[in-house]
Amino acid sequence: MTPPVILWFRNDLRLADHAALQAAMAAGRPVLPVYVLDDQPNGGGAWAPGAATKWWLHHSLTALTDSLAARGAPLVLRRGASVPTILSLIQETGADTVFTGAMPEPEARAIDRALAEALSNTGVTVRRLRTAMLFSPREIATGAGRPYAVYTPFANACLTRSPAPAIPAPDRIPAASAPRSETLADWGLLPTKPDWAAGMRATWTPGEAGAQARLTRFLALPPNAYATARDRPDLPATAMLSPHLHFGEIAADTVWRGAGDGRAAFVRELLWREFSIHQLWHNPALPDAPAKPAFENMPWRDDPAGLTAWQRGLTGVPIVDAGMRELWQTGWMHNRVRMVVASFLVKHLMIDWRQGERWFWDTLVDADLAANAANWQWVAGSGADAAPYFRVFNPVLQGRKFDPDGAYVRRYVPELRRLDTRYIHAPWEAPPMALAAAGIALGRSYPHPIIDLARGRERALAAFAALRAGV
Ligand SMILES: Cc1cc2nc3c(=O)[nH]c(=O)nc-3n(C[C@H](O)[C@H](O)[C@H](O)COP(=O)(O)OP(=O)(O)OC[C@H]3O[C@@H](n4cnc5c(N)ncnc54)[C@H](O)[C@@H]3O)c2cc1C
């Protein structure tokens, strides 16, 4: 009997532009598609999948199961530690090659090393292909062969290259005789009591078809809409592709090719994703420790009440609250608002960026170890090419500039819906008549700000300046 090859899906849950699928098919033997849910203690390490991730994964795997079945090769699902699970599948099926995608997360790379070791001298080979990143982190390096520490030269180096050529999804996949599979229902990835996912269902269609539809919708917008309006959370100007890209339901190469030459600003954002991935590759401690070690001495405040108010969208600062509630309802938040809420937590409240990173990890549908850590460190000032420490976003001015009519705040903070636009981003400045006319009783129907913004800013600047001076 011809031994099959195993195609091990990871965060590359698609069939088009999939180099590992293409290589598995080229082997000319039956293909056994497999997904391993490795959420055992130590599976994802301290970064095991969060609740929103699990919701998405359930639906994404449902979509992948259907499209593989339609091509004749059912997906085998197994839950357990990755290495013994793959070893057991090799033994059960007689497979002699495993095709898979190279992932940047430290846990995934540790698994790769352990699997290679377990298979050494067995005659079974593992072939890892690039399915989750545009370029190999070894390929994009400075003239001296070192990783780029600054985004612009990194992006310029990427832009001298091109996205990979298209690989169409196969019509048929020659199936191997499939061993036992678990079912998605067994895995219990969906919330039950309470079912908090209604807002996510209304916002997203996980899976490859949903990803393609998002790209098509984005490409139907005028090419300059992104460059002019991408900072406006009240307008649908960005692609909303991040969860699809995180789970690999669409390849970054596909997105780049689609954007073509007319959407340079968008491609540059896509390269921030790549920059984050390469940062994590070169610095596996990125999610857990400041890239600039001096930041270990930052006198972060222990403020459980402030953290809870931030998480619940009850800080009394409308743009912050709108963002945090958008996150809770939909599993996503507009990038500009992510920067504002992160700056508010880290600077105005002086709460350790790792607490914000953790909350995002559990609640974002696009929670991504590389992008989340790199961006939190960027806002905190401790990361590569980070925002300067003295940049403290003023949430009121940010709101007025990027949500000029208050439409975004009104959508997510309904208790302010009727407030005059002049005061929508700073209700504490509204005269009593205006508040009364809008049915708002500050401190009762909507909180007073939990911090005086000017005082918070001064405190942060002093602390960051002291850190910088090494005092
Ligand atoms: C504190 C903070 C935490 C973040 N955490 C995550 C995260 O966990 N996962 C995540 O995917 N993004 C994260 N981002 C980056 C960014 O906010 C989202 O990628 C973006 O909002 C996704 O929306 P979009 O697809 O409409 O983006 P678009 O503007 O349409 O951009 C297209 C794609 O480019 C990539 N991209 C854009 N901006 C960035 C960026 N700054 N960093 C990395 N990639 C980027 C994303 O893959 C995105 O889908 C974070 C940003 C901040 C400030």
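Because only heavy atoms are used, hydrogens play no part in the values below, and waters and symmetry mates are left out as well, while side chains stay in. Every number for a ligand or one of its atoms is a count from 1 in the order of the listing.
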Salt bridge present between Asp234 and Arg410 (N-O < 4.0 angstrom): no
Under the salt bridge (charged side-chain N to carboxylate O under 4.0 Å, His left out) test, residues paired with Arg312 that sit two or more places apart: none
Lys/Arg-Asp/Glu bridge criterion (N-O < 4.0 Å) met for Asp403, Arg336: no
Put together the list of close N/O pairs, under 3.5 Å, between ligand 1 and the protein, could you?
| from | atom 1 | to | atom 2 | distance (Å) |
| --- | --- | --- | --- | --- |
| ligand 1 | 5 (N) | Asn372 | OD1 | 3.3 |
| ligand 1 | 8 (O) | Asp368 | N | 3.1 |
| ligand 1 | 9 (N) | Asp366 | O | 2.8 |
| ligand 1 | 9 (N) | Asp366 | OD1 | 3.3 |
| ligand 1 | 14 (N) | Arg338 | NH1 | 3.4 |
| ligand 1 | 17 (O) | Asn335 | OD1 | 2.7 |
| ligand 1 | 17 (O) | Arg338 | NE | 3.3 |
| ligand 1 | 23 (O) | Trp332 | NE1 | 3.4 |
| ligand 1 | 25 (O) | Met240 | N | 3.4 |
| ligand 1 | 25 (O) | Leu241 | N | 2.8 |
| ligand 1 | 25 (O) | Ser242 | N | 3.1 |
| ligand 1 | 26 (O) | Thr238 | OG1 | 2.6 |
| ligand 1 | 26 (O) | Ala239 | N | 3.3 |
| ligand 1 | 26 (O) | Met240 | N | 2.6 |
| ligand 1 | 29 (O) | Tyr226 | OH | 2.5 |
| ligand 1 | 30 (O) | Ala239 | N | 2.8 |
| ligand 1 | 36 (N) | Glu269 | O | 3.4 |
| ligand 1 | 38 (N) | Glu269 | OE1 | 3.3 |
| ligand 1 | 41 (N) | Asn375 | OD1 | 3.1 |
| ligand 1 | 42 (N) | Asn375 | ND2 | 3.0 |
| ligand 1 | 44 (N) | Arg273 | N | 3.3 |
| ligand 1 | 49 (O) | Ser242 | N | 3.1 |

Six-ring centre of Trp8, Arg10 cation under 6.0 angstrom, axis tolerance 45°: yes
Charged tip of Arg14 within 45° of Phe247 ring normal and under 6.0 Å: no
Note: Arg161-Glu274 ion pair, threshold 4.0 Å (strictly below): no
